[in-house]
Structures are given as C-alpha cells and as structure tokens.
Amino acid sequence: MNTVWQIAARLACEAAIGVLLALLLRFFVCMLVRVKGKSMMDTLHNGDFMLALRYGLFGGIRRFDVVICRYPGRKGYFVKRVVGLPGERVSMAEGALYIDGAEVTEDFPLRRSLRGFEERMLGPDEYFVLGDNRPCSHDSRRIGPIPRSAIHARVCCVFWPPRRCRRIRRGNVISSRGA
C-alpha cells in the first residue's frame with residue numbers, strides 16, 4: 001500500500017514540474033497565438049496558429065519582423081510587421097513605403113493601399129508597425145508608433161493548419177530603389 005502512495009506522490013510531483021515548466025516557457029520564452037482577422041493576409045490567415053518567441057531572449061527587433069504587440073489603451077494582442085525603427089523617418093505615398101526619404105523594397109506578400117501618411121519621425125523608443133493587408137489593417141497609421149514595451153514577441157512559425165505550416169523568416173536589412 002505504501003508503494004501505491006509513493007507512485008501517486010511521484011506522479012503528482014512530476015505533473016507539477018511539467019505544469020511549472022510549461023508556465024515558465026509560456027511566460028518567459030514563447031507564446032502560442034491564433035490569428036484573428038485579415039490584416040496580415042497573405043502572410044497569415046484568419047485562424048492560423050503561430051509560435052512566437054519573446055524578444056528578451058532571442059535578439060533585437062529588426063525591420064520586417066512579424067511581431068505580437070499590444071496597442072496602448074486596447075485589450076488583446078495584435079499581429080503586425082515592423083517597418084520603422086527608432087530614430088527613422090517613416091512615410092508612405094501611393095502604396096510605397098519610405099524610410100528616411102528612400103523607397104523601401106518589401107519582398108513579402110503584400111496588399112498595397114494607396115492611402116498614404118505624412119512623414120513621421122520616430123522617437124528613440126518608437127516602432128512603426130503595419131499589417132501586410134494594408135487596406136484592412138488597423139496599425140500605426142491610425143494609432144501612431146508603439147513603444148518597445150508594447151512589442152512582446154516575434155512570430156517564428158505557423159504550425160496550424162498543417163497545409164500552412166511554415167517558418168516566418170526574420171526581418172531584412174533595408175534595401176532601397178532609386179536612392
């Protein structure tokens with residue numbers, strides 16, 4: 001009888017350790033996130049499940065990283081692409097993105113919007129985020145730049161549904177046309 005209690009206690013201890021490790025991973029290493037909406041189509045689709053790595057452990061924020069962020073004063077998480085980094089001037093005209101006055105090549109699936117915005121100088125802790133489906137995205141064009149503290153994680157892969165499983169690549173170095 002003593003052995004049954006020992007086995008039960010051992011299983012309970014192992015389960016508690018497993019739950020603790022899962023919670024530590026969830027809060028300090030990664031996030032599992034479900035896409036809601038169409039602001040990131042065609043990169044991400046409504047209902048996709050993604051794995052996102054928290055930024056404190058895996059390097060800094062790069063241009064074109066797909067990130068999980070919160071908007072000041074709003075509940076919930078949002079999935080957007082970082083296009084502007086601290087200290088840069090960001091603008092958009094006729095569907096083209098400009099950083100510090102140079103047109104930027106965006107080499108990922110994108111639905112352009114002719115709706116532009118005036119040049120905006122980003123502060124030392126500000127990032128400009130946009131959805132890939134520009135006509136249908138609520139992003140920095142409306143809410144303004146977001147602080148670093150509002151960016152929680154970088155999307156690294158889509159794992160569900162199986163037919164859409166793939167890695168989401170890291171951001172690129174800026175390249176400009178005609179500059």
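Here the CG-CD1 distance, from Asp65 to Ile168, works out to 11.0 Å after rounding to the nearest 0.5 Å. With rounding to the nearest 0.5 Å, the separation of CG in Leu44 from CE in Met50 is 5.5 Å.
Hydrophobic cluster membership differs between Met121 and Phe117, with clusters built from Ile, Leu, Val, Met, Phe, Trp and Tyr side chains linked at under 4.5 angstrom. Val33 and Val155 fall within a single hydrophobic cluster, where Ile, Leu, Val, Met, Phe, Trp and Tyr are joined by side-chain heavy atoms under 4.5 Å apart, directly or via other members. Phe128 is not connected to Tyr98 by any chain of hydrophobic side-chain contacts under 4.5 Å among Ile, Leu, Val, Met, Phe, Trp and Tyr, and they are in different clusters.
Across Met31 and Ile68, no two heavy atoms sit closer than the pair CE-CG2, 3.9 Å. Closest of all the heavy-atom pairs between Ser137 and Leu130 is OG-C, 4.4 Å. The two residues Tyr127 and Pro147 come nearest to each other via the heavy atoms CD1-C, 4.5 Å. The shortest heavy-atom contact between Lys80 and Gly131 is CD-N, 3.9 Å. Across all their heavy atoms, Ser39 and Cys136 have their closest contact at CB-O, 3.8 Å. Closest non-hydrogen pair, Glu88 versus Leu85, comes out as OE1-N, 2.8 Å.
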(request) Could you go through the salt bridge (Lys or Arg N to Asp or Glu O under 4.0 Å) check for Arg120 and Glu126 one step at a time? (result) CA-CA 11 Å; Arg120 176 97 186 230; Glu126 292 182 324; 5.0 Å; no
(message) Apply side chain to side chain contact (heavy atoms under 4.5 Å, CB included) to residues Asp139 and Phe78 and explain how you reach the verdict.
(response) CA-CA 9 Å; Asp139 49 38; Phe78 296 85; over 6 Å; no
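Residues Met92 and Arg134 have side chains in contact (heavy-atom distance under 4.5 Å, counting atoms from C-beta outward). The closest side-chain heavy-atom distance from Pro86 to Leu122 is not below 4.5 Å. In this structure, the side chains of His45 and Val35 stay at 4.5 Å or more apart for every pair of heavy atoms. Between Val129 and Val83 there is no side-chain heavy-atom pair separated by less than 4.5 Å. You'll find the side chain of Asp125 reaches within 4.5 Å of the side chain of Arg148, heavy atoms only. Put simply, the side chain of Val66 reaches to within 4.5 Å of the side chain of Val79, judged on heavy atoms. Counting heavy atoms from C-beta outward, Tyr71 and His138 have side chains that approach closer than 4.5 Å. Annotation: side chain of Met40 is not in contact with side chain of Asp48 (no heavy-atom distance under 4.5 Å).
Between His152 and Tyr77, the ring-plane angle classifies as perpendicular under the 30° and 60° cut-offs.
For Glu14, the CD atom sits in a packed shell: over 12 heavy atoms of surrounding residues, nucleotides or ligands are nearer than 6.0 Å.
Under a 3.5 Å cut-off, the side chain of Asp132 and the backbone N or O of Met41 do not form any donor-acceptor pair. Using a distance-only test at 3.5 Å, with no hydrogens or angles considered, no donor-acceptor pair links the side chain of Arg70 to the main chain of Ala150.
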